[in-house]
Structure formats: C-alpha cells, structure tokens
Protein chains: 2
Amino acid sequence: MEKETLLKNLGARIREIRNKKGISQKQLAHSIGKDQQSVQRLEAGNINPTYYYLSEIADGLEVDLEVLIKRDGANSNV
Amino acid sequence: MEKETLLKNLGARIREIRNKKGISQKQLAHSIGKDQQSVQRLEAGNINPTYYYLSEIADGLEVDLEVLIKRDGANSNV
DNA sequence: ATGTTGTACAACGGATGCGTTGTAATTGAA
DNA sequence: TTCAATTACAACGCATCCGTTGTACAACAT
C-alpha cells in the first residue's frame with residue numbers, strides 16, 4: 001500500500017465517521033484543541049498524522065482507535 | 001491517556017511482538033528500509049511515529065495494524 | 001443584499017519525525 | 001583475551017507535521 005493511498009483512505013474514513021456523528025470539522029477540531037483547517041487537511045489526506053494525533057481524533061470522534069485504523073471500509077456500527 | 005504513557009506502551013507492544021517473532025531490531029529495521037537506531041527509539045517510546053511509519057512496522061512484523069494499535073496488552077495470538 | 005455555516009486551499013514558522021553517524025555496554029562464542 | 005551481535009543513547013540535519021492566519025466559495029437564512 002503506497003503512502004498517498006493510505007493517507008487518503010484514512011482521511012475518508014475519518015470524514016465518514018464524523019459525518020455519521022453529525023458534527024462539523026470545526027466542532028471536531030475544537031473538541032480536541034485544534035483548528036478546522038487541521039482537520040480539513042487530515043481528511044484530505046494531505047498529512048501523515050502521528051500516533052498521538054490519531055488517538056486525539058479517536059477521542060474526539062468517540063470511537064476506538066482500532067476503528068480509525070482499519071484499512072478496509074467495514075465500519076458498520078458507528 | 002497522556003502522550004508519554006501512550007508512546008511507551010506502544011513501544012513496549014512493538015518490542016514484545018518483535019521478540020516473539022525472534023528477530024533483532026536490526027533485522028526488523030532493515031526489512032523496512034530503516035536503521036536499528038530508529039527502531040530502538042520507537043521501542044523506547046522516544047518518538048511519536050506517523051501513521052505511515054506504523055503501517056511499515058506492522059508490515060515488518062507481519063501483523064495487522066490493529067494489533068499494534070491496541071491500547072490494552074491483550075496480544076495472545078502473536 | 002447581508003450574515004452565517006461548512007468546507008477548501010495556500011503560506012508562514014516553530015516543533016518534531018526520523019535517517020544517519022558515532023559511541024558504548026552487555027553477552028556469548030572462539 | 002578478541003571478535004561479533006544486540007541494544008542503548010546522543011547529536012546533527014533535512015523533511016515534515018501541524019498550528020495559525022488569511023482567503024474563498026457554495027448553500028441557506030434573514
């Protein structure tokens with residue numbers, strides 16, 4: 001799996017979960033002390049987030065870290 | 001969960017898996033195009049690895065990314 | 001028209017990832 | 001003893017993360 005695809009898939013998965021939760025980029029960002037722009041770049045696959053960043057996002061989305069990480073798109077019970 | 005503890009737990013989990021596989025830091029590092037020192041710092045919890053780095057480590061250890069990520073120490077079937 | 005909300009894109013800059021080199025302590029074998 | 005293998009730690013430096021600011025555009029409301 002090449003890097004670019006990996007990051008784009010991660011971003012798409014985060015966006016999907018966020019939309020299911022019905023919250024905006026700004027709301028998610030502020031809940032974890034970040035800016036809307038940071039979340040936008042993350043969802044666009046433009047950054048390669050650190051492990052700690054991912055754990056913060058998981059907390060903001062109120063999901064387990066494993067849900068964010070999964071490479072397949074099987075997020076049925078979000 | 002604070003950052004330092006999170007990283008130390010991650011490093012310990014990676015070390016545990018690597019030891020169970022019976023390979024050295026140098027072998028793991030070289031299998032993914034890195035140096036022994038990089039793996040040492042990762043296992044020591046001194047760095048906050050990126051998502052892509054984690055996926056490389058998972059490939060090198062031949063485990064799923066979810067196994068690396070889990071916050072509890074329940075790695076029975078490695 | 002104006003204002004609000006959600007999202008997107010770009011530039012600046014401090015902080016950090018992490019590859020690399022060098023060094024050293026430990027262990028075990030020859 | 002000498003040698004190799006493993007692990008650990010520190011410093012240098014380039015690349016990147018990512019916080020921040022500014023801007024823009026579409027959709028919707030007033």
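It should be emphasised that the depicted structure is a prediction, and the values quoted were computed from it without experimental measurement. Each chain gets a letter, A, B and so on, in the order its sequence line appears, and its residues count up from 1.
Just one residue in the list A/E43, A/H30, A/K34 forms a side chain to side chain contact (heavy atoms under 4.5 Å, CB included) with A/Q25, and that residue is A/E43.
Residues A/R13 and A/L10 meet the side-chain proximity criterion, which asks for heavy atoms closer than 4.5 Å. Two residues are said to be in side-chain contact when any heavy atoms from C-beta on lie closer than 4.5 Å; A/N48 and B/Y53 fail this criterion. Contact of the B/L6 side chain with the B/K3 side chain is not registered, since no non-hydrogen atoms from C-beta on lie closer than 4.5 Å. The shortest distance between side-chain heavy atoms of B/I14 and B/V39 does not fall below 4.5 Å. Contact check for B/I17 versus B/L68: side-chain heavy atoms found under the 4.5 Å cut-off. In this structure, the side chains of B/V63 and B/K21 come closer than 4.5 Å at one or more pairs of heavy atoms. Looking at A/S31 and A/I23, their side chains never come closer than 4.5 Å, going by heavy atoms from C-beta outward.
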N/O-N/O pairs, protein side and nucleotides 25-30 of chain C side, under 3.5 Å:
none

Nucleotides 22-24 of chain D: which of its N/O atoms have a protein N/O under 3.5 Å away?
unit_1, atom_1, unit_2, atom_2, d
D/dG22, O6, A/Q37, NE2, 2.7

Restricting to nitrogen or oxygen on both sides, can you table the protein-nucleotides 26-30 of chain D pairs closer than 3.5 Å?
none

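When the C1' atom of C/dG17 is taken as reference, atom OH of A/Y52 falls 17 Å away, rounded to whole Å. If you take CD1 of A/I47 and P of C/dC9, they are 14 Å apart, rounded to a whole angstrom. The nearest whole Å value for the distance from the CD atom in A/Q25 to the C1' atom in C/dC9 is 12 Å. Here C/dG17 presents its P atom at 16 Å from CD of B/E56, a figure rounded to the nearest Å. Distance NE2 (B/H30) to C1' (C/dG19): 12 Å, rounded to an integer number of Å. One can place CG of A/L42 at 14 Å from P of C/dC9, the figure rounded to the nearest angstrom. Look at NZ on A/K34: it is 14 Å from P on D/dC17, rounded to the nearest Å. Rounded to a whole Å, the CD atom of B/Q40 is 13 Å from the C1' atom of C/dC18.
A pairwise comparison of heavy atoms in B/A44 and B/R15 identifies N-NH2, 4.4 Å as the closest pair. In terms of heavy atoms, B/I32 sits closest to B/G60 at CG2-CA, 3.8 Å.
Taking 4.0 angstrom as the limit, B/R18 places none of its side-chain polar atoms (N or O) nearer than this to OP1 or OP2 of D/dT6. Between B/S38 and C/dC18 there is no side-chain N or O to OP1 or OP2 distance below 4.0 Å.
For A/R41 against D/dG19, a side-chain-to-base donor-acceptor contact under 3.5 Å is present.
Other residues, nucleotides and ligands place no more than 12 heavy atoms under 6.0 Å from the CD atom of A/E4. Around CD of B/E62, the count of heavy atoms belonging to other residues, nucleotides or ligands within 6.0 Å does not exceed 12.
The nearest heavy atom of DNA chain D to B/K26 and to B/T50 marks one nucleotide each, and the one closer to the 5' end goes with B/K26.
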